[in-house]
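Shown next, in structure tokens, is the structure this report addresses.
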Amino acid sequence: MGCMPSKLAENKSLPFRVVEKKLLPSKVAEKKLKHRTSNEDFSILASETPFTISKVEKLHELYKKLSNIIIKDGFIHKEELLFALFRNSNKGNLFVDRVFDLFDVNQNGHIDFGEFVRSLSVFHPETPKTVKIKYAFELYDLRHTGYIEREELEEMVLAILNELDLALSHEVIETIVDKTFVEADSKGDGRIDLEEWEEYVGKNPSILKNMTLPYLLDITQAFPSFELNGETKESHALIASMYI
């Protein structure tokens with residue numbers, strides 16, 4: 001996978017945020033693309049991600065459903081992401097907030113189709129592990145400081161347990177956080193930087209097990225069963241993929 005010769009292949013291995021920043025459309029272009037996505041756009045997205053053009057087209061069908069659940073403007077808003085994942089557009093959820101923030105690369109309050117495809121590509125089986133590691137790190141870096149602080153890890157653990165309907169005592173949660181910091185904070189400064197995180201994941205590869213969605217290899221068969229009017233294995237897998 002790391003030996004693809006073309007410049008196109010190099011783009012596929014870039015972190016999703018880097019690719020997005022290089023190719024953000026102008027405001028004029030964004031308006032023109034607001035309600036349509038051309039074959040050329042599909043080709044560009046396919047060249048930047050592990051998805052083929054036909055799979056990008058399938059993702060566009062899913063995107064159109066998600067982006068018109070509540071606010072029918074062709075973009076995915078946080079309420080729509082909440083509704084798609086949890087069937088509740090008013091449910092406060094720290095975890096979904098973080099996922100939405102990471103998908104909303106240009107931070108304009110909604111997810112456009114390009115952001116949707118590029119961000120979802122992080123979970124593709126062929127996406128380099130380095131990209132998945134960085135994405136998982138950013139998920140926990142709640143304050144955007146470039147570090148995972150103890151309080152941030154505890155907040156995320158609580159949010160994840162809440163979504164899984166698991167109730168653990170404060171002592172048990174503290175033990176989880178303590179153990180993580182003992183193993184990951186190799187510099188002993190009370191916070192985990194990206195370098196330490198990479199080392200920690202290297203020793204605990206199971207941390208990334210849910211950062212890959214195998215069915216993204218075969219979207220044609222998998223996504224027709226992803227319906228918004230009921231809970232499916234695919235919707236559960238999408239949620240689970242984000243819980244580290």
Side-chain angles (χ1 to χ4, degrees), residues 8 11-86 89 93-124 126-127 131-132 134-136 138-139 141 144 211 213 215-216 219-220 222-224 226-228 234-235 237-239 241-242:
L8 214 55
N11 277 342
K12 288 176 180 279
S13 66
L14 287 174
F16 68 97
R17 283 187 178 273
V18 174
V19 174
E20 181 68 28
K21 287 178 180 176
K22 288 176 64 178
L23 296 167
L24 277 178
S26 66
K27 288 185 178 180
V28 174
E30 189 175 34
K31 287 181 181 179
K32 290 181 178 179
L33 293 174
K34 183 174 181 180
H35 296 295
R36 71 174 179 83
T37 303
S38 68
N39 289 332
E40 182 181 1
D41 300 321
F42 291 152
S43 298
I44 291 173
L45 289 170
S47 73
E48 296 169 3
T49 68
F51 299 117
T52 63
I53 293 176
S54 64
K55 289 175 181 177
V56 172
E57 291 172 348
K58 287 293 180 181
L59 286 175
H60 190 239
E61 292 303 310
L62 175 62
Y63 177 84
K64 285 192 294 185
K65 291 180 181 180
L66 295 177
S67 62
N68 286 285
I69 298 174
I70 299 173
I71 305 172
K72 302 183 184 302
D73 62 353
F75 297 112
I76 296 176
H77 295 263
K78 188 178 294 184
E79 299 92 336
E80 290 166 325
L81 184 63
L82 272 168
F83 188 83
L85 295 181
F86 302 105
S89 62
N93 188 295
L94 171 65
F95 187 75
V96 172
D97 284 348
R98 290 301 299 130
V99 172
F100 185 86
D101 287 345
L102 291 179
F103 270 58
D104 181 18
V105 178
N106 58 16
Q107 299 295 294
N108 60 1
H110 60 248
I111 301 169
D112 62 37
F113 182 58
E115 291 173 325
F116 179 70
V117 174
R118 293 184 181 102
S119 297
L120 194 59
S121 74
V122 172
F123 299 94
H124 194 283
E126 295 178 2
T127 296
V131 176
K132 297 177 185 290
K134 186 174 186 295
Y135 189 95
E138 292 187 2
L139 195 62
D141 181 13
H144 312 289
M211 288 299 295
L213 294 175
Y215 67 76
L216 289 180
I219 295 170
T220 302
F223 273 82
F226 188 104
E227 298 294 338
L228 300 181
E234 283 77 19
S235 64
L238 183 58
I239 298 170
S241 72
M242 299 170 182

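The shown structure was predicted, so the numbers you read here are calculated from the model rather than taken from an experiment. Throughout, numbering of the chain's residues begins at 1 and tracks the sequence. Heavy-atom basis, side chains included; hydrogens, waters and symmetry copies ignored.
When each of Asp97, Asp101, Asp104 is checked for a side-chain hydrogen bond (donor to acceptor under 3.5 Å, both in side chains) with Lys78, only Asp97 meets the rule.
Nearest heavy atoms, Glu138 versus Leu102: OE1-CD2, 3.4 Å. Among all heavy-atom pairs drawn from Glu115 and Asp112, the shortest one is N-OD1, 2.7 Å. Closest approach of Ala46 to Thr52, counting heavy atoms only: CB-C, 3.9 Å. Shortest non-hydrogen contact noted between Arg118 and Ile44 is NH2-CG2, 4.5 Å. Scanning both residues, Ile71 and His77, for their nearest heavy atoms gives CD1-CG, 3.7 Å. Residues Phe100 and Ile76 share a closest heavy-atom pair of CE1-O, 3.7 Å.
Remark: side-chain polar atoms of Thr127 are paired, donor with acceptor, to backbone N or O of Ser121 under 3.5 angstrom.
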Exercise. Under the side chain to side chain donor-acceptor pair (under 3.5 Å) criterion, do Asn108 and His110 qualify, and how do the steps go?
Worked result: CA-CA 6 Å; Asn108 60 1; His110 60 248; 3.2 Å; yes
Problem set entry | Steps toward side chain to side chain contact (heavy atoms under 4.5 Å, CB included) verdict (Leu81, Phe103) | CA-CA 11 Å; Leu81 184 63; Phe103 270 58; over 6 Å; no
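The shortest side-chain heavy-atom distance between Leu139 and Val99 falls under the 4.5 Å cut-off. At least one side-chain heavy atom of Leu216 sits less than 4.5 Å from a side-chain heavy atom of His124. Between Phe113 and Phe42 the shortest side-chain heavy-atom distance falls below 4.5 Å. By the 4.5 Å heavy-atom criterion applied to side chains, Leu45 and Leu59 are not counted as neighbours. Residues Val56 and Tyr63 have side chains not in contact (no heavy-atom distance under 4.5 Å, counting atoms from C-beta outward).
In this structure, the separation between CD on Glu80 and NZ on Lys65 is 14.5 Å, given to the nearest 0.5 Å. Taken to the nearest 0.5 Å, the CG atom of Leu120 stands 7.0 Å off from the CG atom of Leu213.
Ion pairing between a basic and an acidic side chain is recognised when a charged N comes within 4.0 Å of a carboxylate O; Glu61 and Lys64 show such pairing.
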